[in-house]
Amino acid sequence: MSTEISRYTITAALPYANGPVHIGHLAGCYLPSDIYARYLRKQGRDLIFVCGTDEHGAAINMKAQSEGVQPQEIVDKYHEIIKDSLHSIGVSFDIFSRTSKEIHHHTAQEFFRTMFENGSLEEKVTEQYFDPEAEQFLADRFIIGECPNCHFGEAYGDQCENCGTSLSPTELINPKSKLSGAAPVLKQTRHWFLPLDHLSDKIKAYIQSHKDWKPNVYGQCMSWLDSKDGLQARSMTRDLDWGIPVPVEGADGKVLYVWFDAPIGYISATKELVGERWEDYWKKDDTKLVHFIGKDNIVFHCITFPAMLMEHGGFHLPDEVPANEFLNLEGNKISTSRNWAVWLHEYLADFPGQEDVLRYVLTATAPESKDNDFTWSDFQTRNNSELVAIIGNFVNRVQVLMKKYYDGAIPEPGDFLTVDSEALQETANAPTLIAESLERYRFREGLASMMSLARLGNKYLADQEPWKKIKEDPQRTATIMYVAAQVTAQLSQMMEPFLPFSAEKLRNDLGLDAMAWQDCATQEFLKPGTEIQSQGHLFSKIEDQVIEAQKAKLEQMAAAAKGPVYEPLKEEIQFEDFTKLDLRVGTILKAEKIKKANKLLHLEVDLGFEKRSIVSGIAEFFEPEDIVGTKVSVVVNLAPRKLRGVMSQGMILMAEDSQGNLNFTSTPESMPNGSIIR
Ligand SMILES: [Zn+2]
């Protein structure tokens with residue numbers, strides 16, 4: 001860190017354009033990156049804050065196929081939703097681009113071509129699954145088959161979602177193409193690999209020069225580098241028709257691997273934003289390059305992308321990768337496939353004007369060093385007992401008293417007591433204290449320091465009780481209100497990176513501009529005589545029914561996404577095993593309830609050759625009078641047994657769904673009783 005930093009390049013992970021963003025994404029990288037960017041901007045630093053949607057890859061292709069639309073429609077739709085929602089929650093990107101833009105295709109192809117020409121990529125011919133009917137190579141996700149580990153029937157070519165094992169497509173038992181259902185065949189194909197195995201020492205030296213990285217990030221990188229098999233060469237191209245064409249001869253039908261092109265998206269977005277000056281932000285060593293990501297992207301940002309930059313040559317390497325751990329939701333992993341998520345665009349629709357509440361809660365509980373949990377109850381508590389009760393209450397009291405005593409104009413203070421000087425000193429110290437946390441990516445700690453300032457203000461007012469002194473000691477009251485007003489003003493500045501909407505509202509009330517961070521180390525923001533006003537409360541209480549509604553919505557969405565649960569299949573049997581069953585057509589002649597047995601009905605069934613007494617567990621689903629005359633299928637050679645004192649000489653066949661609901665299997669009216677079923 002000997003070089004003076006002249007400019008910052010801040011990136012937030014490119015959201016994947018096959019769905020909207022949820023609170024886990026926000027907590028993982030969008031909020032921390034935004035707080036950092038806002039803080040640096042307030043310092044007057046030269047910085048760019050870039051992001052955009054990641055619009056390539058097999059998963060987008062697959063979603064398009066399953067919905068019967070073109071991939072372009074999918075990415076157009078989600079680009080808009082993601083862009084709008086991140087903008088609405090206040091994430092202050094300088095540019096939010098897309099990897100489907102021409103400037104990006106061009107940049108990524110040029111990057112690849114340079115690496116190809118300088119010999120950084122290894123060409124290899126491998127065998128991959130090919131769909132003979134669809135006539136195309138299959139991405140791992142397009143192949144399903146039986147998991148060799150748990151024997152789940154629909155494991156993907158890269159992972160079994162039932163037992164979590166990572167797989168390669170050739171390990172699947174009875175693989176099938178998701179495109180055509182055909183059995184895929186292995187076919188030779190040529191690809192270009194980034195030889196991470198040979199670059200391992202270079203990468204290790206780079207990682208080890210960053211021992212100051214967050215322990216979760218540094219530790220994960222070193223564990224890969226030191227693992228038994230070490231780093232493996234990784235293919236940077238794919239056989240796919242959606243993506244950026246591989247720009248070398250003989251690569252028809254091949255595109256760049258999505259994890260090759262996506263990080264280059266940061267560079268393309270910079271070019272789009274600043275034109276020719278882009279090199280300053282990517283090639284100069286007095287630039288600080290910071291990638292904000294979630295922990296699932298560590299390998300791509302700390303190993304693959306730096307290796308690409310090194311091998312291409314001429315680039316400054318990432319300086320910091322402050323990855324967060326995962327945010328869980330109500331005790332469970334967030335899952336888009338199970339719809340166990342709070343979607344940002346839905347939050348914004350359900351909580352209009354309460355953007356800062358979500359920003360506050362997600363920052364206060366950010367999974368900075370370990371996984372953390374978001375719960376709606378905690379969301380409510382933090383709003384009601386922190387935002388409303390601490391900041392909101394303090395600010396409102398100052399505004400109301402100022403209006404009442406001085407018609408809104410800051411009074412001339414008298415002599416300061418120690419308690420006043422201390423409060424003013426702490427106010428002036430806040431920027432330094434908060435900056436120390438933000439410089440080290442400790443956003444929770446920074447937020448806590450900002451809250452301490454509000455707590456100080458609250459306590460100061462409660463202790464000094466200006467409302468008791470206004471009559472007998474107006475001079476003392478004026479001093480107290482002057483001091484309280486300065487704390488309020490500092491809050492309006494320090495809230496800005498964390499709670500930008502409320503900060504702006506408060507600044508407007510106080511008639512203050514957004515000030516440079518350095519200028520906030522002051523004891524006097526508002527001179528005597530300055531008029532302040534109030535446009536209403538900064539925060540409002542969230543009621544129980546609002547929280548209950550969110551919890552119910554979450555459960556409903558998850559239940560709807562879950563679909564039916566199927567019982568595992570029984571062991572295979574031989575035909576002879578089946579023929580042991582004697583199944584016959586019958587008609588229910590009589591049905592009555594059995595005393596003290598809620599589930600059982602006693603039936604008399606005509607089997608043609610004889611009438612039988614059968615006890616059946618269907619009483620919860622049928623009234624006895626409704627089923628008399630029903631044609632049924634009966635197992636007639638089951639050994640008789642007594643149920644609740646009633647002899648049962650057979651069993652009626654019933655269908656049962658995953659909720660345990662029963663209904664008769666269909667038996668044709670036209671078949672006479674006693675007919676054999678086989
Ligand atoms: Zn499995």
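Computed from a predicted model, the values in this text were never measured in an experiment.
- Taking the ring axis of Phe315 as reference, the NZ or CZ atom of Lys283 stays within 45° of it and closer than 6.0 Å to the ring centre.
- Between the CG atom of Leu309 and the OG1 atom of Thr304 there is a distance of 11.0 Å, given to the nearest 0.5 Å.
- What you find for Leu512 and Ser492 is that their closest heavy atoms are CD1-OG, 3.9 Å.
- Here the options are Asp280, Asp285, Thr287, Thr9, the test is side chain to side chain donor-acceptor pair (under 3.5 Å), and the partner is His316; only Asp285 passes.
- Surrounding CD of Glu472 are more than 12 heavy atoms belonging to other residues, nucleotides or ligands, all under 6.0 Å away.
- For Arg41 and Asp94, the salt-bridge test passes: some basic side-chain N is under 4.0 Å from an acidic carboxylate O.
- Taking the six-membered ring for Trp and thresholds of 30 and 60 degrees, Trp213 and His210 have nearly parallel ring planes, at less than 30 degrees apart.
- Counting heavy atoms from C-beta on, the side chains of Arg277 and Tyr281 come closer than 4.5 Å.
- Distance check: Asp420 CG to Ile480 CD1 gives 7.0 Å after rounding to the nearest 0.5 Å.
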Would you sort out whether Lys333 and Asp371 count as a salt bridge (Lys or Arg N to Asp or Glu O under 4.0 Å), showing the intermediate values? CA-CA 10 Å; Lys333 261 192 164 49; Asp371 290 357; 5.3 Å; no
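- Atoms CD1 and CG, on Ile410 and Leu510 in that order, are 7.5 Å from each other to the nearest 0.5 Å.
- Geometric assessment of Lys295 against the ring of Phe326 yields a positive cation-pi assignment under the 6.0 Å and 45° thresholds.
- The closest donor-acceptor contact from the side chain of His25 to the backbone of His22 lies under 3.5 Å.
- Between the side chain of Asp356 and the backbone N or O of Phe501, at least one donor-acceptor pair lies under 3.5 Å.
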For Lys288 and Asp46, run salt bridge (Lys or Arg N to Asp or Glu O under 4.0 Å): C-alpha distance rounded to whole Å, both residues' side-chain angles, the deciding distance at 0.1 Å, then the answer. CA-CA 10 Å; Lys288 183 162 179 170; Asp46 177 358; over 6 Å; no
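- By the side chain to side chain donor-acceptor pair (under 3.5 Å) test, Lys527 pairs with Glu524, sequence neighbours left out.
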Working note: Arg38 + Glu496, criterion salt bridge (Lys or Arg N to Asp or Glu O under 4.0 Å); need CA distance, chi angles, decisive distance, verdict. CA-CA 8 Å; Arg38 284 176 180 274; Glu496 207 277 332; 3.1 Å; yes
Checking side chain to side chain donor-acceptor pair (under 3.5 Å) for the pair Gln486/Gln523: CA distance, chi angles, key distance, verdict? CA-CA 7 Å; Gln486 307 309 327; Gln523 301 197 354; over 6 Å; no
Go through Phe351 and Phe379 one step at a time and tell me if the ring-ring contact (aromatic ring centres under 6.0 Å, His included) criterion holds. CA-CA 12 Å; Phe351 293 88; Phe379 171 85; 5.5 Å; yes
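- In this structure, Gln490 contributes its side chain and Cys520 its backbone to a donor-acceptor pair below 3.5 Å.
- Classification of the Trp259-His301 ring pair by plane angle, with boundaries at 30° and 60°, yields perpendicular.
- Between Tyr266 and Trp282, the angle of the ring planes stays under 30°, which puts this pair in the parallel group of the 30/60° scheme.
- Taking every heavy atom of both residues into account, Tyr406 and Pro411 meet most closely at CE1-CG, 3.7 Å.
- With values rounded to the nearest 0.5 angstrom, Glu272 atom CD is found 9.5 Å from Thr107 atom OG1.
- The local environment of NZ in Lys551 is crowded, with over 12 non-hydrogen atoms from other residues, nucleotides or ligands closer than 6.0 Å.
- Among Val217, Val290, Asn216, the single residue meeting the side chain to side chain contact (heavy atoms under 4.5 Å, CB included) criterion with Pro322 is Val290.
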Output, in order, the C-alpha distance, side-chain angles, deciding distance and verdict of side chain to side chain donor-acceptor pair (under 3.5 Å) for Thr365 and Arg382. CA-CA 10 Å; Thr365 61; Arg382 286 183 187 274; 5.6 Å; no
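- Taking the ring axis of Trp278 as reference, the NZ or CZ atom of Lys271 stays within 45° of it and closer than 6.0 Å to the ring centre.
- For the pair Asp286 and Arg7, the salt-bridge criterion is met [side-chain N within less than 4.0 Å of a carboxylate O].
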Candidate pair Tyr441 and Tyr36, rule ring-ring contact (aromatic ring centres under 6.0 Å, His included), full reasoning: CA-CA 8 Å; Tyr441 313 101; Tyr36 190 65; 5.1 Å; yes
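- The ring pair (Phe, Tyr, Trp, His ring centres under 6.0 Å) search around Phe394 returns none, not counting sequence neighbours.
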In residues 81-91, what donor-acceptor pairs under 3.5 Å come from side-chain atoms, sequence neighbours left out?
residue: Ser85; atom: OG; partner: Ile81; partner atom: O; Å: 2.9
residue: Ser85; atom: OG; partner: Ile82; partner atom: O; Å: 3.2
residue: Ser88; atom: OG; partner: Asp84; partner atom: O; Å: 2.8

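- Formation of a donor-acceptor pair under 3.5 Å by the Gln518 side chain with backbone atoms of Gln43 is found in this model.
- Here the straight-line distance linking atom OG of Ser449 with atom CE of Met494 works out to 11.0 Å at 0.5 Å rounding.
- Between Lys459 and Asp463 there is a salt bridge, since a side-chain N of the basic residue sits under 4.0 Å from a carboxylate O of the acidic one.
- Pairs passing the side chain to side chain donor-acceptor pair (under 3.5 Å) check and including a residue from residues 530-543, sequence neighbours excluded, read Gln399-Ser534.
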The test is ring-ring contact (aromatic ring centres under 6.0 Å, His included); show your working for Phe305 and Phe300 and say whether it passes. CA-CA 6 Å; Phe305 188 45; Phe300 300 108; over 10 Å; no
Residues 340-347, side-chain donor-acceptor partners within the protein, below 3.5 Å, at least two apart:
residue: Trp340; atom: NE1; partner: Leu329; partner atom: O; Å: 2.8
residue: Trp343; atom: NE1; partner: Asn339; partner atom: OD1; Å: 2.9
residue: Glu346; atom: OE1; partner: Lys553; partner atom: NZ; Å: 3.3
residue: Tyr347; atom: OH; partner: Gln354; partner atom: O; Å: 2.7
residue: Tyr347; atom: OH; partner: Leu358; partner atom: N; Å: 3.4

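- Residues passing the side chain to side chain donor-acceptor pair (under 3.5 Å) test with Glu355, sequence neighbours excluded: none.
- With Val388 as the fixed residue, the side chain to side chain contact (heavy atoms under 4.5 Å, CB included) test singles out one of Ile542, Asn383, Leu538: Asn383.
- Considering CD1 of Ile532 and CG of Leu506, their distance stands at 9.0 Å, rounded to 0.5 Å.
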